[in-house]
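Below is one structure, written out as structure tokens, with a few remarks after it.
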Amino acid sequence: MITFLELLVNGLSMGSVYALIALGFVIIFKATEVVNFAHASLLLAGGYVVARLHPFTGFWLALLIGVAFAGLLAALVEFLIIRRANVGSHSVLAIVTIGVDIVITTELTRQMGTEILSLGDPWGDSVVHIGGVTVAEVRIVALGTAAALITLFLLAFRYTGWGVAMRATAEDAETAALMGIRLGRVSLSAWAVAGALAAVAALFLCVFPTPGLDRGTSFAAIKAFPAAILGGLDSTTGALAGGLIVGVTEALMTGYQNQLAFLGRGIGDVAPFLVMLVILLLRPAGLFGTRETARV
Amino acid sequence: MEVTAPPPHDGGLAVSDVVVNYGPVRALRGVSLRVPPGSIVTVLGTNGAGKTTLLRAISGTLRFHRGGIAAGTVTWAGERLSGIPAPAVVARGVTQVPEGRRVFGRMTVEDNLRAGALGAGGGRAAAQAREQVHSLFPVLAERAHQRAGLLSGGEQQMLAIGRALMARPSLLLLDEPTLGLAPLVAARIAETIRQINADGTSVLLIEQNAATALSLASYAYVLEVGEVALEGPTTELALGDEVRRRYLGVTDAPGDGAGRPGPPGDGGARRPAARPRPALARWFA
């Protein structure tokens with residue numbers, strides 16, 4: 001039971017980080033109908049800036065700059081590439097983002113080489129004991145931060161003019177333009193917010209118990225794709241649910257993999273994708289999705 | 001030869017020789033029309049005549065349909081509208097109510113109205129506009145927190161008009177506002193349009209329902225295959241044989257058309273002199 005609770009808390013914590021990434025993915029899809037495959041590379045870029053800067057500026061300033069950098073990079077991708085690509089189909093843009101991803105990731109891995117970079121976070125490997133359950137402090141921080149950011153975003157999405165503009169554009173871009181909503185600004189801000197959220201997620205993907213930021217971090221980020229897709233690509237609620245499902249599934253499957261030995265080792269890494277496949281078979285638009293994902 | 005234009009005026013909407021292409025397809029072939037400030041002007045025409053294209057050319061949404069203005073200009077109050085993006089058109093005081101209402105169905109009624117106010121700043125002006133819209137359509141205040149997709153067709157049309165009014169336009173473009181509505185509801189919408197106009201907003205009304213349109217507007221244009229086929233003050237057009245036959249559903253017994261007694265000629269409606277008169281026989285076939 002103690003093991004189960006520990007795995008559950010860790011799973012929820014990882015899940016909330018995946019939800020941050022998936023949320024960015026969904027925001028971009030809602031605002032521009034582009035499936036952004038470059039999301040993992042934006043995350044890597046944000047993490048890389050934090051890793052390189054923290055020895056000089058201290059952790060908090062480095063984090064701030066890293067988040068801003070990832071937001072700016074995402075906005076640049078939108079402004080220089082997505083906006084200017086005059087293509088008829090959004091699937092073409094999705095493929096363009098794969099190209100962007102390859103360029104950014106290749107450059108970053110070249111810079112990193114085989115190093116494993118520490119992000120210099122203040123939490124280190126300290127643990128907290130709640131009852132009999134032992135959890136790394138940083139996992140609690142991750143859960144809290146992710147929950148706070150997601151709440152903040154959902155409130156803004158619901159109540160601010162920016163949120164109204166985003167939702168109107170997502171529903172009917174032409175009519176939104178007729179209402180005087182500047183689609184370019186909506187799209188730019190969506191990318192910037194998504195990039196910034198990804199950088200925060202990068203921090204929590206690279207802290208204890210993982211060794212730090214390395215070229216493998218973007219693989220960890222890729223687990224957010226099934227999270228976004230199984231929740232429904234156009235649903236913010238879906239991104240949250242999807243993130244938590246993926247996080248908990250992964251933690252439990254990894255934790256109990258000795259009992260699940262017949263499935264082979266490393267089932268934890270595969271599990272999110274298996275869950276995604278099963279859910280897509282039952283609900284092709286995802287758990288909370290409204291549109292056909294075929295539209296992608 | 002400007003015999004076809006309404007009395008000269010300053011400002012207002014001026015569409016001058018506008019040609020619109022969707023790729024290789026020409027949808028408007030040199031359309032000119034005017035909406036004097038404070039008036040209601042209607043554009044009639046059958047499906048495919050180019051009515052919606054005309055509104056898109058004014059509101060700057062042709063690019064969403066891979067179209068563009070190839071020649072001619074659109075100006076409102078002396079400011080050029082052609083070539084600027086849709087939000088900039090809204091900022092200059094021209095707002096369109098799209099065909100088929102197109103309310104944001106997954107958003108609440110209240111949020112739909114907020115979306116309408118985004119193009120015109122916010123704050124006090126928006127609050128004032130909301131008050132006006134609520135007094136014009138009390139039902140929108142009652143249903144403020146309901147999802148717009150759950151409203152009836154008539155209520156959705158009211159929301160679409162209210163949403164456009166949130167931008168406090170000086171010119172309102174309406175695309176078939178009574179389409180698919182029960183006669184009683186359509187009559188209410190018509191009454192509202194009259195009231196909006198009385199409050200000082202100019203209106204360009206696109207309609208297939210000629211009877212409603214002619215009763216509201218002071219001047220009418222008839223579009224046919226991308227050209228103005230007929231125009232004139234509505235008091236004269238409404239009596240004209242051709243409009244009656246084509247759009248009011250008043251049909252004469254076959255064979256009666258040629259020798260039919262009645263107002264001589266067009267009943268006062270003027271047509272561009274250079275264009276051939278469309279053959280009436282077509283409409284009896």
Side-chain angles (χ1 to χ4, degrees), chain A residues 26-27 29-33 79 82-90 92 154-190 232-238 285-286 288-292 295, chain B residues 23 52 55-56 58-66 84-108 110-123 126 147-149 159-160 162-169 172-175:
Chain A
V26 167
I27 298 168
F29 182 74
K30 274 178 90 89
T32 60
E33 286 191 28
F79 190 73
I82 304 298
R83 188 176 297 197
R84 276 155 227 285
N86 184 24
V87 294
S89 156
H90 291 293
V92 176
L154 289 182
L155 287 176
F157 201 59
R158 179 139 200 173
Y159 294 110
T160 65
W162 174 79
V164 172
M166 284 275 297
R167 284 183 286 143
T169 306
E171 203 165 315
D172 185 343
E174 182 183 354
T175 306
L178 277 181
M179 299 301 113
I181 293 168
R182 289 179 179 80
L183 303 186
R185 280 193 199 175
V186 169
S187 159
L188 197 68
S189 63
L233 257 183
D234 63 342
S235 164
T236 44
T237 323
F288 295 91
T290 45
R291 295 178 214 169
E292 289 301 321
R295 216 174 133 180
Chain B
T52 296
L55 281 200
R56 284 178 189 155
I58 300 170
S59 64
T61 46
L62 279 170
R63 69 193 69 190
F64 287 95
H65 303 271
R66 309 238 135 200
I84 63 175
V89 172
V90 175
R92 281 165 179 69
V94 178
T95 306
Q96 182 186 341
V97 179
E99 183 182 1
R101 313 188 268 269
R102 312 255 306 246
V103 296
F104 301 116
R106 280 185 271 147
M107 291 163 53
T108 62
E110 175 65 18
D111 280 349
N112 267 272
L113 293 182
R114 284 183 72 191
L118 287 175
R147 273 160 57 127
L159 177 57
R163 183 180 61 179
L165 289 178
M166 289 298 288
R168 302 169 78 78
L172 190 63
L173 309 170
L174 290 161
D175 197 346

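Letters A, B, ... mirror the listed sequences (proteins, then strands); counts begin at 1. Predicted, not measured: the structure shown is a model, and the values here were computed from it.
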Practice item. Decide yes or no on side chain to side chain contact (heavy atoms under 4.5 Å, CB included) for R167(A) and R106(B), but give the supporting numbers first. Key: CA-CA 9 Å; R167(A) 284 183 286 143; R106(B) 280 185 271 147; over 6 Å; no

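In terms of non-hydrogen atom pairs under 4.5 Å with chain A, the most contact-rich of A160(B), A88(B), G105(B) is G105(B).
Here the shortest heavy-atom pairing between P87(B) and R182(A) reads CB-CG, 3.9 Å.
Distance CD/Q96(B) to OG1/T175(A): 8.5 Å, rounded to 0.5 Å. Note that the OG1 atom of T108(B) and the CZ atom of R158(A) stand 8.0 Å from one another [nearest 0.5 Å]. Interatomic distance, E171(A) CD to D111(B) CG, rounded to the nearest 0.5 Å: 10.5 Å.
For A115(B), the parts sitting under 4.5 Å from any heavy atom of chain A are the backbone and the side chain alike. Of the two parts of V97(B), neither the backbone nor the side chain holds a non-hydrogen atom closer than 4.5 Å to a non-hydrogen atom of chain A. Interface residue F64(B): only side-chain heavy atoms are found under 4.5 Å from chain A. No part of T169(A) comes within reach of chain B, as not one of its non-hydrogen atoms sits under 4.5 angstrom from that chain.
Taking the side chain as every heavy atom from C-beta outward, E174(A) and H65(B) approach each other to under 4.5 Å. R102(B) has its side chain out of reach of L178(A): every pair of non-hydrogen atoms, C-beta onward, lies at least 4.5 Å apart.
Counted within 6.0 Å of CZ on R63(B), heavy atoms from surrounding residues, nucleotides or ligands total more than 12; the atom is thus considered enclosed.
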